[in-house]
Participant: 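Sharing a structure here in structure tokens format.
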Amino acid sequence: MAVLGKDLFDLGRPDTHTKIQFGDRGYWVELNADCLPYGTILTEILNFQMEDYCAKLAAVEQAVAARNRAQLSRPLWELMDTFTALPLYRLYVEEPWTAEPDLFHQLFGAGVDMVMAKQVLKKPDVFLQKYVRARDDILYIQKRYGWFLESLFEGQPFEKKKGQRKLPLAQQLADQFLDAFVSGVSLGEDIQVDAPQVNIQYAVLQQDGQPPELVEKMYFDRLLDFVYVELMRGLQKGYVPKRCANCGRWFLQFPGATYAYCDGPAPGQEGKTCREVGASANFQEKVRNNEIWKLHQRAYKKYFARTRKGTMSKPDFEAWARKAEQLRDEALTNYENAVTPEEQSRILAELKSALNRR
């Protein structure tokens with residue numbers, strides 16, 4: 001697939017034939033030096049507001065249908081400009097002519113919008129193809145891939161509790177009967193074989209300050225093909241988009257984490273993140289519903305108040321807090337394993353005595 005170390009697919013390819021280099025911890029888009037964690041673009045797409053882009057595309061389609069050059073000129077520029085803000089393409093398609101090199105080459109020196117509109121009307125389907133595909137792919141990803149990810153976490157604990165074992169994502173896929181859906185870009189909606197359409201090479205990526213890395217270099221004409229590969233590689237390595245239980249937006253969960261809340265601004269909670277609000281709510285619920293936690297928090301507040309009054313030193317309080325946390329965790333385990341109400345009552349009494357023994 002390579003010719004004397006050269007990139008075969010880079011020869012004369014259009015800019016929207018996107019080159020992605022996949023490495024161990026993430027991927028690189030075109031010449032962008034930043035390594036993006038797996039799931040970054042999918043998460044952005046799931047949160048992306050498509051109303052403006054769809055309206056711009058509809059205006060162009062309407063003008064094309066009317067064969068109206070005067071009506072087409074301004075919507076055409078607006079559509080091409082809006083295209084540069086779409087997920088993935090915004091990383092390297094910086095100006096409208098970057099996405100339309102052939103068109104702008106013909107118009108070089110003309111400087112007339114009407115001439116551009118005339119060129120587009122000659123083969124409107126060819127011109128509109130990538131813009132229509134981008135719209136259709138993003139809307140499809142938001143619906144189908146959003147369903148798939150919500151199904152993956154359905155019935156799962158919001159966040160892993162202390163002592164709980166985190167299930168691998170592959171096991172969660174099997175447990176949720178989603179393993180049969182991962183074989184194609186439609187995630188099982190299309191009964192036909194729908195493997196992603198990609199070209200692939202291997203290359204050694206060398207960046208300043210980093211050791212060389214053998215990467216898989218793939219080329220994508222469609223967002224849908226890229227997002228499918230990104231999602232599956234992410235699931236292999238523990239990266240997965242997840243919907244925030246507070247604001248409803250999607251965030252990227254990294255390997256080893258089991259957050260239920262994003263770290264974005266919490267709606268209606270100025271200066272706080274969803275994760276901070278969620279942690280506080282979870283903690284309050286935990287205290288309300290658990291006798292062990294109630295005892296611990298009563299004792300904590302009592303001794304903390306003494307430090308505020310100056311009747312207990314800060315070092316003494318910190319030593320007590322560390323011991324209290326150990327006692328609490330031991331009691332939580334024993335209380336959960338207790339067989340009878342009498343045994344639970346004994347555990348509570350012993351904890352109360354130990355926490356207040358000063």
Side-chain angles (χ1 to χ4, degrees), residues 9 14-30 32 34-50 53-54 57 82-93 99 129-153 169-170 172-173 178-190 192-200 215-243 249-255 262:
F9 300 112
D15 279 352
T16 48
H17 185 60
T18 311
K19 176 173 69 177
I20 312 289
Q21 299 185 91
F22 293 98
D24 183 58
R25 67 187 189 281
Y27 56 90
W28 294 263
V29 178
E30 291 290 340
N32 199 310
D34 295 330
C35 180
L36 301 179
Y38 288 107
T40 298
I41 299 299
L42 173 54
T43 304
E44 184 179 351
I45 288 175
L46 292 170
N47 287 323
F48 194 77
Q49 299 297 315
M50 282 293 289
Y53 181 82
C54 290
L57 177 56
T82 307
F83 182 84
T84 65
L86 292 180
L88 183 63
Y89 299 128
R90 68 172 181 81
L91 296 175
Y92 70 97
V93 183
Q129 183 181 53
K130 64 171 157 290
Y131 300 100
V132 172
R133 275 185 172 180
R135 177 197 63 193
D136 294 348
D137 283 357
I138 291 176
L139 292 176
Y140 185 83
I141 290 164
Q142 290 178 338
K143 180 181 178 182
R144 185 65 180 177
Y145 283 57
W147 163 83
F148 179 84
L149 291 166
E150 289 186 332
S151 299
L152 175 62
F153 292 110
L169 290 171
Q172 292 184 48
L173 286 168
L178 293 171
D179 45 325
F181 292 84
V182 304
S183 62
V185 297
S186 70
L187 299 182
E189 188 172 59
D190 193 335
Q192 304 299 323
V193 175
D194 56 351
Q197 301 300 304
V198 299
N199 295 316
I200 183 171
V215 297
E216 283 184 322
K217 188 187 299 184
M218 295 189 187
Y219 297 80
F220 300 89
D221 285 315
R222 298 193 63 166
L223 270 172
L224 183 59
D225 290 332
F226 161 71
V227 165
Y228 170 75
V229 175
E230 183 197 29
L231 172 61
M232 294 305 153
R233 284 178 171 270
L235 291 173
Q236 284 180 319
K237 297 177 181 295
Y239 297 89
V240 61
K242 197 173 184 181
R243 192 185 285 278
R249 288 178 60 81
W250 293 87
F251 67 98
L252 183 57
Q253 181 172 276
F254 283 70
C262 71

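All values derive from a computational prediction rather than experimental measurement.
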Participant: Working to the nearest 0.5 Å, report the span between CD1 of Ile141 and CD of Glu44.
Facilitator: 11.5 Å
Participant: Nearest 0.5 angstrom please: Phe251 CZ to Thr43 OG1, how far?
Facilitator: 9.5 Å
Participant: Minimum heavy-atom separation for Leu149 to Val240, with atom names?
Facilitator: CD2-CG2, 3.6 Å
Participant: Would you indicate whether the side-chain heavy atoms of Tyr239 and Gln253 approach each other to under 4.5 Å?
Facilitator: no
Participant: Does Leu252 form a side chain to side chain contact (heavy atoms under 4.5 Å, CB included) with Tyr38? I'd like the steps, not just the answer.
Facilitator: CA-CA 9 Å; Leu252 183 57; Tyr38 288 107; over 6 Å; no
Participant: Is any side-chain heavy atom of Leu86 closer than 4.5 Å to a side-chain heavy atom of Ile45?
Facilitator: no
Participant: Side chains of Asn199 and His17: does their closest heavy-atom pair fall under 4.5 Å?
Facilitator: yes
Participant: How close do Leu42 and Pro241 get, counting heavy atoms only, and between which atoms?
Facilitator: CD2-CG, 3.7 Å
Participant: Under a 4.5 Å cut-off applied to non-hydrogen side-chain atoms, are Tyr131 and Thr82 in contact?
Facilitator: no
Participant: Could you go through Leu36 and Leu91, starting from their C-alpha distance and side-chain angles, then the distance that decides it, and tell me whether this counts as side chain to side chain contact (heavy atoms under 4.5 Å, CB included)?
Facilitator: CA-CA 11 Å; Leu36 301 179; Leu91 296 175; 3.7 Å; yes
Participant: Should Tyr92 and Thr18 be marked as a side-chain hydrogen bond (donor to acceptor under 3.5 Å, both in side chains) after you check the CA-CA gap, both sets of side-chain angles, and the distance that decides it?
Facilitator: CA-CA 9 Å; Tyr92 70 97; Thr18 311; 2.6 Å; yes
Participant: Between Pro196 and Val229, which heavy-atom pair has the shortest distance, and what is it?
Facilitator: CG-CG2, 4.0 Å
Participant: Yes or no on side chain to side chain contact (heavy atoms under 4.5 Å, CB included) for Trp28 and Ile20, after CA distance, side-chain angles and deciding distance?
Facilitator: CA-CA 6 Å; Trp28 294 263; Ile20 312 289; over 6 Å; no
Participant: So Glu189 and Arg144, side chain to side chain contact (heavy atoms under 4.5 Å, CB included) or not? Walk me through it.
Facilitator: CA-CA 8 Å; Glu189 188 172 59; Arg144 185 65 180 177; 3.6 Å; yes
Participant: Minimum heavy-atom separation for Met218 to Val198, with atom names?
Facilitator: SD-CG2, 4.4 Å
Participant: I need the minimum non-hydrogen distance between Lys237 and Pro255, along with the two atoms involved.
Facilitator: O-CG, 3.2 Å
Participant: Say whether, by atom type as modelled, one donor and one acceptor occur between the side chain of Glu230 and the main chain of Ile41 under 3.5 angstrom.
Facilitator: yes
Participant: Once salt bridge (charged side-chain N to carboxylate O under 4.0 Å, His left out) is applied, do any residues pair with Asp225, and if so which ones, sequence neighbours excluded?
Facilitator: none
Participant: What distance do Gln172 atom CD and Leu235 atom CG have between them, rounded to the nearest 0.5 Å?
Facilitator: 9.5 Å
Participant: When you measure from the side chain of Glu30 to the backbone N and O of Lys19, does any donor-acceptor pair fall under 3.5 Å?
Facilitator: yes
Participant: When you measure from the centre of the six-membered ring of Phe22, is the NZ or CZ of Lys217 closer than 6.0 Å and no more than 45° off the axis?
Facilitator: no
Participant: How many angstroms lie between atom CD of Gln129 and atom CG of Asp221, to the nearest 0.5 angstrom?
Facilitator: 8.5 Å
Participant: Tell me, do Met50 and Gln142 make a side-chain contact under 4.5 Å, heavy atoms counted?
Facilitator: yes
Participant: I'd like to know if the side chain of Tyr145 reaches the main chain of Val227, judged simply by a donor and an acceptor atom lying under 3.5 Å from each other, with no hydrogens or angles considered.
Facilitator: no
Participant: Taking side chain as C-beta onward, heavy atoms only, is Pro37 less than 4.5 Å from Arg25?
Facilitator: no
Participant: Under the salt bridge (charged side-chain N to carboxylate O under 4.0 Å, His left out) rule, collect the residues that match up with Arg243, sequence neighbours excluded.
Facilitator: Glu150
Participant: Taking the ring centre of each residue, are Phe181 and Trp147 less than 6.0 Å apart?
Facilitator: yes
Participant: With rounding to the nearest 0.5 Å, note down the distance linking CG in Asp136 to CG in Leu224.
Facilitator: 10.0 Å
Participant: Nearest 0.5 Å, please: how far is OH in Tyr53 from CZ in Phe48?
Facilitator: 9.5 Å
Participant: Using the benzene-type ring in the case of Trp, are the ring centres of Tyr27 and Phe226 under 6.0 Å apart?
Facilitator: yes
Participant: Less than 4.5 Å apart, any side-chain heavy atom of Cys54 and any of Leu139?
Facilitator: yes
Participant: At their closest point, which heavy atom of Ile138 faces which heavy atom of Leu223, and how far apart are they?
Facilitator: CG1-CD1, 3.7 Å
Participant: Closer than 3.5 angstrom, by distance alone: can the side chain of Asn47 be matched with the main-chain N or O of Arg249 as a donor-acceptor pair?
Facilitator: no
Participant: With sequence neighbours left out, what residues match Arg133 under salt bridge (charged side-chain N to carboxylate O under 4.0 Å, His left out)?
Facilitator: none
